[in-house]
Amino acid sequence: MADGTLYLVDGSGYIFRAFHALPPMASLDGTPVNAVFGFTNMITKLLADAGSDRLAVIFDAARVNFRNDIYPDYKAHRPPAPEELVPQFALIREATRALNVPCIEMEGYEADDLIAAYAAAEIAEGGKVVIISSDKDLMQLVRPGVTMLDPMKNRHIAEPEVFEKFGVTPDKVVDVQALCGDSVDNVPGVPGIGPKTAAELINLYGSVENLLEHLGEIKQPKRRETLENNRELALISKQLVSLKADMPLPAPLTDFEKRMPDTAVLRPFLERMNFRSLVGKVDRGELGKTVGGRPGSAISAAGAPDLFPAAVEAPKVAAPAIAQTYELVTDLATLDKWIAAAMQAGVVAVDTETTGLDASAADLIGVSMSVAPGLACYIPLGHRSQGGLLAEAPPKQIAMQEAVDRLRPLLADEGVLKVGHNLKYDMVILARHDLTVAPYDDTLLMSYVLDGARNGHGMDELSDLHLGHKTITYEEVCGKGKTQISFAEVPLDRALAYAAEDADVTLRLHSLFKRRLIEEKQVQLYERTERPIVSVVALMEDTGIRVEPDVLRRLSHDFGTRAVEMEKKVHELAGRAFNLGSPKQLGELLFGELGIKHGGKTGKTDNYSTASDVLEPLAAEYPIVRAVLDWRQITKLKSTYTDALLTQINSRTGRVHTSFGLAGTSTGRFSSSDPNLQNIPTRTEEGRKIRSAFVAPEGSKIVSVDYSQIELRLLAEIADIAALKQAFADGIDIHALTASQVFGVPLDQMDKDTRRKAKAINFGIIYGMSAFGLAANINVSQSEASSFIKAYFERYPGIKAFMDARKEEARTFGYVETLFGRRCFVPGIADKNPARRNFAERQAINAPIQGTAADIMKRALGRMPQALAEAKLNAKLMVTVHDELLFEVPEAEIETTIAVARRVMEGAHDGKVSVPLVAEAGIGNSWAEAH
DNA sequence: AACGTCACG
DNA sequence: GACGTACGTGACGTTT
């Protein structure tokens, strides 16, 4: 059968070596690709080499395999792959497919095992094998007909080279390795026996087993004793290092005939990777061929039957209507087929269906997956029978646990990119089934990075907008209002149509957005700032924060009785009863009946304004106004906080789980809802009592770490104001400095009120203030405010230049950019209406500052879990409030946690900010104490 | 659903 | 000189 040498490439081994050996390189979008380049180059040479007739690349399918069953710590000390390497795992598989080379991997086996199996099969056929690898673990395979080739040094490895390395012939390599162990793979070996001694012993006794039988003959007493005491370890080690060649071959040897890559597939890939020399080769006809070699053929070579021959070519046809091939998965064989298809595709869109919108309370009902455009499946897992009392039998579906166990390796496979739309939600759901998702892309965040506030990012909207396809809506499937049913009650055919379509659309959007991110130079922002936070925030939401219901109940009661008293008092002072909660009635009473001079009317309804900034100046003179404001404060606290939070405590966890909005704001900030934990009171004494209900469990404390004046620091940086930058570098009180500059008061004679006004000016600058606004804020005349602003601009002329530049930027591009390249769209910047235009201009001034602060917080957040894990800390992230992170920390770890958190936060700008960023920490039993 | 108000950074 | 008056959020109660 064999008609020439078989080349087996150790893809997994190669990628690590190439990564460390080659200088950094980047693709068009900035993704590191040095290992991908080395790989592509090497395969290219093999394809050109007339001596190689058959070729396959073999990868590790997952980290955990049968060796972990024998010895749980196997490869346990492996550090996580470097950040620059991670994206290259998927790309190297993409490269293999683009090169039209069979790509082999198999769940539960390492690449080395598969190589051993194929080498054995080929030798049995009488053929010859060259293993492209320098991995010493593969040297045991060297024998007549099997050699190795070190791809980096271009050095052949045959029996003499193996003997040089191990001091034994290849057939005894496993015995030597078993004795001396391997610190890299965490193979224990026998303590105190190194490579030299091991070789000596094995050359004497032939094998580990024979050595153990003849321990009595060992002369050195110490050596004899350790061998005696570590018999088991030696035998286990031998099992660990012995390659397992007896699995069924995922693809027959005959599939490995060398084929030339299709230039229509290869060239775009090389272009994207920015491998110009190779593109040149293609163009000169030295690489690939333009006809035949259909791109999907690698899929069939990888072992599974060619599942969907038509669909693989579907994307080439630009049909406006979406062809849909959707399959319901109700048995394990079909599920396995789809999992295999996902593995081979290297990218799969995933979507979960649940009982509700609140991820912390919803249950999993089903999972949909899409592996190619138009090709998707739905796996029902928690569907119930229909028809209420006269229920039929529940529909046939795979048992939850079985499906979950099948999906686990796929979702965790580092070579398969999982794509979701709002994956944070799915991650929270899946986490409760012990499922982790990595690596991943999120089309919600891709869309957000690309289009910000220009459009919404719901899937229905995006499908219509970008694909011209109207999706089935949730309402169409489940109904709405009172008659709405749970997804668990949806008939399976309807569920399939809806759920599979969601996965399908997600995958299509993904390829579209991926291209746009590259073209619009937003890849860095997406990959470094946005994408990493998805799993972190999912974990935060899942963690939640403990809230003490008794504290809230006490406060609710207290606020309630006081509100009743205050309302009574207001009614007495008014001389009649009315609805105090109605601004309309209140305004008519105060400014109509009682004749108090009013501050102004509200915008649309032409009512008197009763807002607190209108009422506050009147409170000293009119007791009723004071009473109204007091009542307002107390009822606000009760209805919005103490009452509402009580209903939000999750009965399963006893904690409150907010939902963070990752793609809603115009500046890049998060939002928080259901409940909003970003506006828990802190400014007043009464309000702060609510924070005392947020507590840490016994043995832990709440730690709050927040950025000190980050927006002012970023203003100094972005507007490049030397004096302000210097002040921050020197640690000078920035508000006092502004006071001395604007009001001429020397720093050492600063009084509190002057400083307070200066602080308002500093904040006003960030918001693009007017003299009117400043005057209202610090209670001075408009002309005084005007002169303060004038003085400020004279002292810091760069500020004015910065503001003008941002307005100009917004007019030219329609958006302003943060330091990290986030685009904040500013609608209305060219509006004819000056009010709307002025508003847009203020947004243009504020957005780069607020947005850059948000970028920095996101980067800190994205790195925090790993930083904590590396320091072996158990602190849990719970909440982020724009410039603050809240942790729950075991008491013994508080100091170290604070040090790590501060280091990560202060360094999150990655050198992009020259002004020092400072993070400060507070500790307490409750959020009130920690803040 | 829109509005006014008010809690936070 | 017009226009309205400090940026970004979410939740509640009232009114339409």
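These figures come from a predicted structure and were not determined experimentally. Numbers restart at 1 for each chain; the letters A, B, ... are given by sequence-line order, proteins then strands. Atoms considered below: every heavy atom in the structure, side chains included; atoms not considered: hydrogens, waters and symmetry mates.
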Assess whether a salt bridge exists between [X] and [Y], defined as any Lys/Arg side-chain N lying under 4.0 Å from an Asp/Glu carboxylate O.
X: A/E593; Y: A/R576; value: yes
X: A/K568; Y: A/E565; value: no
X: A/R755; Y: A/D733; value: yes
X: A/D720; Y: A/K725; value: yes
X: A/R655; Y: A/E548; value: no
X: A/D753; Y: A/K757; value: yes

Q | Test salt bridge (Lys or Arg N to Asp or Glu O under 4.0 Å) applied to A/D643 and A/K638, step by step | A | CA-CA 6 Å; A/D643 289 353; A/K638 178 166 152 64; 3.2 Å; yes
Is [X] near enough to [N] that one of its side-chain N or O atoms lies under 4.0 angstrom from OP1 or OP2?
X: A/S666; N: C/dT9; result: yes
X: A/Q843; N: C/dG8; result: yes
X: A/R842; N: C/dC7; result: yes

Between [atom2] of [N] and [atom1] of [X], the distance in whole Å:
X: A/K636; N: C/dT14; atom1: NZ; atom2: P; answer: 13 Å
X: A/D606; N: C/dT16; atom1: CG; atom2: P; answer: 13 Å
X: A/F660; N: C/dT9; atom1: CZ; atom2: P; answer: 16 Å
X: A/L774; N: C/dC7; atom1: CG; atom2: C1'; answer: 15 Å
X: A/I845; N: C/dC7; atom1: CD1; atom2: P; answer: 10 Å
X: A/F839; N: C/dC7; atom1: CZ; atom2: C1'; answer: 8 Å
X: A/L580; N: C/dC12; atom1: CG; atom2: C1'; answer: 15 Å
X: A/E588; N: C/dT14; atom1: CD; atom2: P; answer: 16 Å

(Q) From the set C/dC7, C/dA11, C/dT5, return the single nucleotide nearest to any side-chain atom of A/S673. (A)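 Among C/dC7, C/dA11, C/dT5, the one nearest the side chain of A/S673 is C/dA11.
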Q) Which of these nucleotides, C/dC12, C/dT15, C/dG10, is closest to any side-chain atom of A/S671? A)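 Shortest atom-to-atom distance from the side chain points to C/dG10.
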Pairwise [atom1] distance, [M] and [N] [rounded to whole Å]:
N: B/dC6; M: C/dC3; atom1: C1'; answer: 26 Å
N: C/dG4; M: B/dA7; atom1: P; answer: 27 Å
N: C/dA6; M: B/dC8; atom1: C1'; answer: 16 Å

More than 12 non-hydrogen atoms from neighbouring residues, nucleotides or ligands closer than 6.0 Å to [atom1] on [X], yes or no?
X: A/K876; atom1: NZ; result: no
X: A/L357; atom1: CG; result: no
X: A/R795; atom1: CZ; result: no

Q: Determine, stepwise, if the pair A/Q678 / A/S672 fulfils side-chain hydrogen bond (donor to acceptor under 3.5 Å, both in side chains).
A: CA-CA 6 Å; A/Q678 292 181 327; A/S672 161; 4.9 Å; no
Q. 5' to 3' on DNA chain B, which nucleotides open and close the contacts with chain A (atom under 4.0 Å from a heavy atom)?
A.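 Contact span on the strand: B/dC3 to B/dG9.
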Select base, sugar-phosphate, or nothing to describe what [X] touches, counting heavy atoms under 4.0 Å on all strands.
X: A/A760; answer: base
X: A/E884; answer: nothing
X: A/I680; answer: sugar-phosphate
X: A/N838; answer: base
X: A/R836; answer: nothing
X: A/S672; answer: sugar-phosphate
X: A/A644; answer: sugar-phosphate
X: A/F763; answer: base
X: A/S639; answer: sugar-phosphate
X: A/N777; answer: base

Q | Assigned partner base of C/dT5, Watson-Crick or wobble definition, under 3.5 Å | A |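 Looking at the geometry, C/dT5 pairs with no nucleotide.
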**Q.** Counter-base of B/dG4, judged by Watson-Crick or G-U geometry with both distances under 3.5 Å
**A.**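 Matched B/dG4 with C/dC12 under the 3.5 Å cut-off.
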(Q) Just to verify, what does A/R822 make a salt bridge (charged side-chain N to carboxylate O under 4.0 Å, His left out) with, not counting sequence neighbours? (A)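 So A/R822 forms a salt bridge (charged side-chain N to carboxylate O under 4.0 Å, His left out) with A/E530, A/D855.
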Q | For A/E476, all residues meeting salt bridge (charged side-chain N to carboxylate O under 4.0 Å, His left out), sequence neighbours excluded | A |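 A/E476: no salt bridge (charged side-chain N to carboxylate O under 4.0 Å, His left out) contacts found.
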Q: Can you spot which of A/Q633, A/R562, A/K636 makes a side chain to side chain donor-acceptor pair (under 3.5 Å) with A/E686?
A: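 Of A/Q633, A/R562, A/K636, side chain to side chain donor-acceptor pair (under 3.5 Å) with A/E686 is met by A/R562 alone.
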**Q.** Identified side chain to side chain donor-acceptor pair (under 3.5 Å) partner of A/E809 from the options A/K807, A/R811, A/R806
**A.**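 By the side chain to side chain donor-acceptor pair (under 3.5 Å) criterion, A/E809 pairs with just one of A/K807, A/R811, A/R806: A/R806.
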Q: Spell out yes or no: do the side chain of A/N676 and the base of C/dA11 have one donor N/O and one acceptor N/O closer than 3.5 Å?
A: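 Side chain to base: no pair present.
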Q. In residues 617-625 of chain A, what residues come within less than 4.0 Å of DNA chain C, judged by heavy atoms?
A.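 Residues of residues 617-625 of chain A under 4.0 Å from DNA chain C: none.
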Q. Does anything in residues 544-556 of chain A reach DNA chain B, meaning a heavy atom under 4.0 Å, and if so which residues?
A.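 The answer is none.
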Q) Quick one, which residues of residues 819-835 of chain A touch DNA chain B with a heavy atom under 4.0 Å? A)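 By residue number: none to list.
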Q. Taking the six-membered ring for Trp, are A/F743 and A/F788 parallel (under 30°), tilted (30 to 60°) or perpendicular (over 60°)?
A.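 Rings of A/F743 and A/F788: perpendicular, as their planes differ by over 60°.
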Q.
What I'd like to find out is whether the side chain of A/V695 reaches to under 4.5 Å of the side chain of A/V547, using heavy atoms alone.
A.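 No - every pair of side-chain heavy atoms lies 4.5 Å or more apart.
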